[in-house]
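First comes the structure, then the notes that go with it.
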Amino acid sequence: MSQKRGTAESSWRVMSRCWAILLRLQQGPASLEELISTVKQYVGDDAYGSQTTPAQQTKRFRHDLENLKKHFHIAIQYDRRPKKYRIQEREWPLLNLADAHLETLAFLEQAHTANTPGAWEVKRLVRQLLAWLPSDRQKVFEQYQRQRAMQVDWSLRDEEPIDPGVQALVQEACIQGRYLQFDYLSRRNEEEIPRQHYVQPWELRVNRRRHHVELWAFCEWRDAEEEGKRDLRRYQAYRLSRIVPGSVVILPKKIPALPPQGRRYTAVYDLHPRLIKYGLSTQDELIGDPTLTIQPNGWGRVEGETYSVFNLARELLYYGGNCRVIGGADLRAEMEKLVGALVEIYGDNQATK
């Protein structure tokens, strides 16, 4: 009898350690030391036995990982480069939420578009919570998303006509979180031949400066007749009016729970004192909140990062001589190209007068 009771206590202790490990890994990747520290925090200093050596603790810890996979169907992987453990895959959900909470999440995601502060952080949080939900609860969330999406007619917010079929499919892909494939005709494409794009759709948004509706997506590859298939792996804004009708396909593959880390470009520029008199205006193309430092001459120096030097340069050009790009080689090169083209046009006009 006493042996059975001791065995039960041992099983409970193992389960408690496994639960503590899982709680910490939901926060993000962690080292062996961090995980053992978390276990002791929740289970107690003697979680692995008061007389065990570090080697024995490590052995029991690895046995806990085996139990997580065997009994909880959660596989933990060790990455050698950062020397940290992370959740690799799982069969069971890690979270459940009531309908009211799912409706609130749908509201938060719609209310925080790319044009509002903190939108990217809200999007990332919602996607992570969804990834932890059971599949049936994810469908309930999608229903709330559709109800809210039906209240928005994106075509009314663009100066160019948007094909209803394109809008419906792109919107559905964003709701379902599935890969998209479509043909796109960029204004920069001088040959006017559509190119096929394979993307992770993350958000529909309105570009306030240029007054058009965009799909903000992570493009994995692009295929064109003149250059063949080309790996890009970068974020890109696609104007809905330029997506070729009839070419949009929603693919079965789900996009990752968290947005991938695309290439970030440094952005450093100075703004005239009167532009920052009442605070720094929001720049849609900056990642997160930039740093603002007032210079001795009164100008405000803005330092941040962007995924698109193409779009940010055109936003900054709006300020004319009240903005000076001073840092970030790619951004400065793009700005110099824009300004150089303007000089050619207006310089020639001036010479003819």
Side-chain angles (χ1 to χ4, degrees), residues 1-98 101 105 118 120-138 177 200 218 233 253-264 287-289 305:
M1 188 72 176
S2 61
Q3 184 179 0
K4 290 183 179 180
R5 183 165 58 247
T7 303
E9 289 177 353
S10 177
S11 298
W12 173 252
R13 181 174 290 269
V14 170
M15 187 174 71
S16 298
R17 293 200 306 258
C18 290
W19 191 250
I21 292 171
L22 184 58
L23 281 176
R24 176 56 185 84
L25 289 177
Q26 284 180 271
Q27 179 183 328
S31 65
L32 172 64
E33 293 74 15
E34 290 172 325
L35 291 172
I36 290 181
S37 175
T38 301
V39 169
K40 291 182 177 181
Q41 174 188 347
Y42 284 101
V43 185
D45 290 336
D46 62 342
Y48 287 105
S50 57
Q51 303 298 324
T52 55
T53 65
Q56 290 173 324
Q57 286 188 9
T58 301
K59 184 177 180 180
R60 292 186 182 182
F61 167 79
R62 290 174 179 166
H63 185 64
D64 290 341
L65 299 188
E66 294 175 3
N67 282 317
L68 274 169
K69 185 173 184 179
K70 180 179 179 181
H71 300 293
F72 294 93
H73 305 279
I74 298 172
I76 308 300
Q77 184 183 45
Y78 179 71
D79 290 336
R80 294 184 179 277
R81 181 170 296 180
K83 296 183 178 181
K84 291 189 175 184
Y85 293 86
R86 64 177 179 85
I87 298 176
Q88 180 185 22
E89 59 183 29
R90 57 179 176 77
E91 296 180 17
W92 292 357
L94 302 176
L95 177 71
N96 206 346
L97 294 173
H101 298 152
L105 285 180
W120 193 249
E121 289 77 9
V122 169
K123 187 80 164 180
R124 183 172 54 191
L125 172 63
V126 171
R127 288 294 171 182
Q128 181 61 81
L129 294 176
L130 288 177
W132 289 340
L133 290 174
S135 58
D136 59 329
R137 304 304 291 160
Q138 292 180 11
Q200 300 175 18
F218 184 76
R233 301 202 62 79
K253 184 178 179 181
K254 296 278 285 186
I255 65 176
L258 297 178
Q261 291 292 329
R263 181 181 176 185
R264 295 169 176 243
I287 302 171
D289 297 323
E305 292 181 313

Notebook entry, point to check: I74 versus L25: any side-chain heavy-atom pair under 4.5 Å?
Noted result: no
Tell me whether the count of non-hydrogen atoms from other residues, nucleotides or ligands lying under 6.0 Å of NE2 in H73 goes above 12. yes
Practice item. Determine whether more than 12 heavy atoms belonging to other residues, nucleotides or ligands lie under 6.0 Å from atom NZ of K254. Key: yes
Would you check, one step at a time, whether the test side-chain contact (heavy atoms from CB on, under 4.5 Å) holds for R17 with R13? CA-CA 6 Å; R17 293 200 306 258; R13 181 174 290 269; 3.7 Å; yes
OG of S135 to CG of L130, rounded to nearest 0.5 Å, is 12.5 Å
d(L129 CG, N96 CG) to nearest 0.5 Å is 12.0 Å
Considering only heavy atoms from C-beta outward, does the side chain of Q128 approach that of L95 to under 4.5 Å?
no
Requested in this report: Kindly indicate whether the side chain of L22, heavy atoms from C-beta on, has any atom under 4.5 Å from the side chain of I87.
Outcome: yes
Here the gap from K253 atom NZ to Q200 atom CD, rounded to the nearest 0.5 Å, amounts to 7.5 Å
Here the pair of heavy atoms bringing P93 nearest to P134 is CB-N, 3.5 Å
| Taking E89 for the side chain and A75 for the main chain, is one N or O donor matched with an acceptor at less than 3.5 Å? | no
Rounding to 0.5 Å, atoms OH (Y42) and CG (L23) come to a distance of 5.5 Å
Paired with Y48, the side-chain contact (heavy atoms from CB on, under 4.5 Å) test is passed by just one of V43, D64, T53, T58, namely D64
Side-chain donor-acceptor contacts of residues 78-86 below 3.5 Å, not counting sequence neighbours, with atom names and distances?
unit_1, atom_1, unit_2, atom_2, d
D79, OD2, R86, NE, 2.9
R86, NH2, Q77, OE1, 2.5

Taken to the nearest 0.5 Å, the spacing of C18 SG from E66 CD works out to 10.5 Å
- [ ] Anything under 30° is parallel, anything over 60° is perpendicular, the rest tilted; go ahead and classify W19 against F72.
- [x] tilted
- Would a 4.5 Å heavy-atom cut-off, applied to side chains only, mark Q56 and K59 as touching? no
Heavy atoms of G262 and F218 approach each other most closely as CA-CE1, 3.9 Å
Practice problem: Dump the intermediate steps for side-chain contact (heavy atoms from CB on, under 4.5 Å) on Q41 and R24, then the final yes or no. | Solution: CA-CA 11 Å; Q41 174 188 347; R24 176 56 185 84; over 6 Å; no
Rounding to 0.5 Å, atoms NZ (K69) and CD (Q88) come to a distance of 7.5 Å
Would you check if the side chain of T38 reaches a backbone N or O of E34 as a donor-acceptor pair within less than 3.5 Å? yes
